[in-house]
Asks: 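Got a structure for you, written out below as structure tokens; questions coming shortly.
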Amino acid sequence: MPDIATALIEWYRENARDLPWRRDGFGAWGTLVSEFMLQQTPVTRVIPHLEAWLERWPTPADLAADAPAEAVQQWANLGYPRRALWLHRAAVEIRDRHDGVVPRDVDDLLALTGIGDYTARAVAVFAYGDRHPVVDTNTRRVIARAVEGRSQPGPPAKADLARMDALLPRDIAASALVNAAAMELGATVCTARTPRCETCPIASACAWRTAGYPDTGDERRRQAPYEGSDRQARGAVLKTLRDAATHEVAQAEVIPTWPDARQRDRAIDSLVVDGLIEAVGGMLRLPR
DNA sequence: AACTCGTGGCC
DNA sequence: TGGCCAAGAGT
């Protein structure tokens with residue numbers, strides 16, 4: 001019986017989806033942009049936005065040369081718009097500190113705005129081919145089931161990195177494939193709700209299957225309700241500014257009929273604090 | 001460690 | 001129909 005890493009690689013070679021960032025010579029900047037967009041946003045929604053973004057800003061320096069307002073506008077409805085601002089800041093940092101070249105070193109990547117444990121290693125591994133554990137929500141679920149015999153992973157923890165590292169082969173190229181394959185398996189077979197265990201390439205090695213698929217509980221935190229939330233109000237304010245021709249609107253004309261005026265004002269204030277909007281002379285606008 | 005932060009599709 | 005879920009990061 002082949003080990004988990006070997007089975008994953010073999011399966012991945014036959015079953016990997018054809019995604020833009022897996023094309024030959026896609027480039028580190030494209031990888032970095034794709035990873036920003038993929039933070040909590042589904043693949044199918046990301047693809048068209050990614051292609052438009054890279055056509056407009058083919059290098060970090062191109063993005064850094066424009067105002068952050070342009071990044072926030074181009075981000076459109078991808079969600080979590082702070083990512084657009086952070087991606088713009090990261091582009092400025094890459095231009096100023098790395099001569100416009102996306103860094104390869106994980107610590108350098110971690111020092112960039114908006115890049116954490118996942119994105120830093122994803123860039124180092126998928127763009128540069130280095131050997132690091134890449135752990136996302138898919139990988140954590142695969143490890144929880146196949147290795148730990150649980151039905152769902154616990155909340156994210158630092159120990160996840162060491163667990164993934166233990167699964168990686170020594171060979172550098174093979175280790176990158178195992179990282180990609182674990183994510184792909186979690187995304188398409190070992191899914192959160194209805195896993196397709198009958199087609200799983202590592203079923204024979206899966207601890208959860210061996211244990212009889214027990215329900216071991218779910219320690220993940222539940223998402224807060226969106227309807228009526230501050231997030232919803234912030235989204236409405238920002239959409240108003242994105243949709244305005246000049247990306248500038250009198251404050252009194254921003255979602256004036258919002259049911260909760262105090263919540264609306266709180267949303268505006270927090271967007272200013274975040275740097276997603278600017279308040280100048282009674283007007284609100286995207287950041288210049 | 002727990003909480004916040006968008007948006008839309010799916011079953 | 002409405003929770004659940006989605007290649008997380010910063011505080």
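The chains referred to below are lettered A, B, ... by the order of the sequence lines, with proteins before strands, and numbering in each begins at 1. Just so you know, these numbers use all the heavy atoms, side chains as well, and skip hydrogens, waters and symmetry mates.
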Asks: Counting heavy atoms from C-beta on, name the nucleotide in C/dA7, B/dC5, B/dC3 closest to the side chain of A/Met183.
Replies: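 Nearest listed nucleotide: C/dA7.
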Asks: Hey, which sits more toward the 5' end of DNA chain C by its nearest nucleotide, A/Gly114 or A/Pro42?
Replies: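 First, find each residue's nearest nucleotide; the 5'-ward one identifies A/Pro42.
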Asks: Write out all pairs satisfying ring-ring contact (aromatic ring centres under 6.0 Å, His included) with one or both partners inside residues 193-241 of chain A, taking only residues at least two apart or from two chains.
Replies: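 For residues 193-241 of chain A: A/Trp208-A/Tyr213.
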Asks: Quick one: are A/Val123 and A/Tyr118 in side-chain contact, heavy atoms under 4.5 Å?
Replies: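 Not touching, per the 4.5 Å side-chain cut-off.
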Asks: Side chains of A/Arg170 and A/Ser175: does their closest heavy-atom pair fall under 4.5 Å?
Replies: no
Asks: If we take the P atom in both B/dT4 and C/dA7, what is their distance in whole Å?
Replies: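 Here B/dT4 and C/dA7 have their P atoms 23 Å from each other.
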Asks: Could you state the atom-to-atom distance from CZ of A/Arg83 to C1' of C/dA6 in whole Å?
Replies: 10 Å
Asks: If you look at every strand shown and take non-hydrogen atoms under 4.0 Å, does A/Pro225 touch a base, only sugar-phosphate, or nothing?
Replies: nothing
Asks: Given C/dG3, C/dA7, C/dA9, which nucleotide is nearest the side-chain atoms of A/Thr119?
Replies: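 Out of C/dG3, C/dA7, C/dA9, the nucleotide with an atom closest to A/Thr119's side chain is C/dA9.
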Asks: Choose from B/dA2, C/dA7, B/dT7 the nucleotide whose nearest atom is closest to any side-chain atom of A/Tyr226.
Replies: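 The answer is B/dT7, which lies nearest to the side chain.
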Asks: From A/Asn179 CG over to A/Asp130 CG, what is the distance, rounded to the nearest 0.5 angstrom?
Replies: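 A/Asn179 CG to A/Asp130 CG: 11.5 Å, rounded to 0.5 Å.
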Asks: Quick one: does A/Thr41 reach the base of B/dG6 with a side-chain donor-acceptor pair under 3.5 Å?
Replies: yes
Asks: I need the CZ-C1' distance between A/Arg231 and B/dC3, as an integer number of Å.
Replies: 10 Å
Asks: Does A/Gln39 put a side-chain nitrogen or oxygen below 4.0 Å from OP1 or OP2 of C/dG8?
Replies: no
Asks: Which nucleotide, B/dG6, B/dA2, C/dA9, lies nearest any side-chain atom of A/Tyr118?
Replies: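 The closest nucleotide is C/dA9.
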Asks: Taking side chain to side chain donor-acceptor pair (under 3.5 Å) as the cut-off, I'd like each qualifying pair that reaches into residues 106-115 of chain A, sequence neighbours left out, listed once.
Replies: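 Matches after skipping sequence neighbours: A/Glu93-A/Thr113.
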Asks: Which whole-number value in Å describes the distance from A/Leu238 CG to B/dC5 C1'?
Replies: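 Computing the A/Leu238:CG to B/dC5:C1' distance gives 12 Å.
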Asks: Please classify the nucleic acid contact of A/Asp117 as base, sugar-phosphate, or nothing, using heavy-atom distances under 4.0 Å.
Replies: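 Sugar-phosphate only.
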Asks: Between atom CZ in A/Arg222 and atom C1' in B/dT4, what is the gap in whole Å?
Replies: 17 Å
Asks: Measure the distance from CZ on A/Arg220 to C1' on C/dC5 and round it to the nearest whole Å.
Replies: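 The answer, rounded to whole Å, is 8 Å.
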Asks: Using heavy atoms to find the nearest nucleotide of DNA chain C for A/Trp86 and A/Trp21 separately, return the residue whose nucleotide is more 5′.
Replies: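 Taking each residue's closest nucleotide, the earlier one in sequence belongs to A/Trp21.
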Asks: Give a yes/no on whether any side-chain N or O of A/Arg234 is located under 4.0 angstrom from OP1 or OP2 of B/dG6.
Replies: yes
Asks: As a test of reading the structure: which of C/dA6, B/dC5, C/dA7 is closest to the side chain of A/Gln223, going by heavy atoms?
Replies: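 For the A/Gln223 side chain, the nearest candidate turns out to be C/dA6.
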Asks: Please state how far atom CG in A/Leu109 lies from atom C1' in C/dA9, giving the value in whole angstrom units.
Replies: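 It is 15 Å, rounded to the nearest whole Å.
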Asks: Report yes if at least one side-chain N or O of A/Ser229 is closer than 4.0 Å to OP1 or OP2 of B/dC5; otherwise report no.
Replies: no
Asks: Between A/Asn77 and B/dG8, is there a contact of a side-chain N or O with OP1 or OP2 at under 4.0 Å?
Replies: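 Yes, such a contact exists.
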Asks: Taking A/Arg131 for the side chain and A/Leu168 for the main chain, is one N or O donor matched with an acceptor at less than 3.5 Å?
Replies: yes
Asks: Could you state the atom-to-atom distance from CG of A/Leu276 to P of B/dG6 in whole Å?
Replies: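 From A/Leu276 CG to B/dG6 P: 7 Å.
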Asks: Which nucleotide in the list B/dT7, B/dC5, C/dA7 gets nearest to the side chain of A/Asp230?
Replies: B/dC5
Asks: Determine the Euclidean distance between corresponding P atoms of C/dA9 and B/dG8; express it in Å to zero decimal places.
Replies: 23 Å
Asks: Rounded off to whole Å, could you give me the CD1-to-C1' distance for the A/Ile47 and B/dG9 pair?
Replies: 15 Å
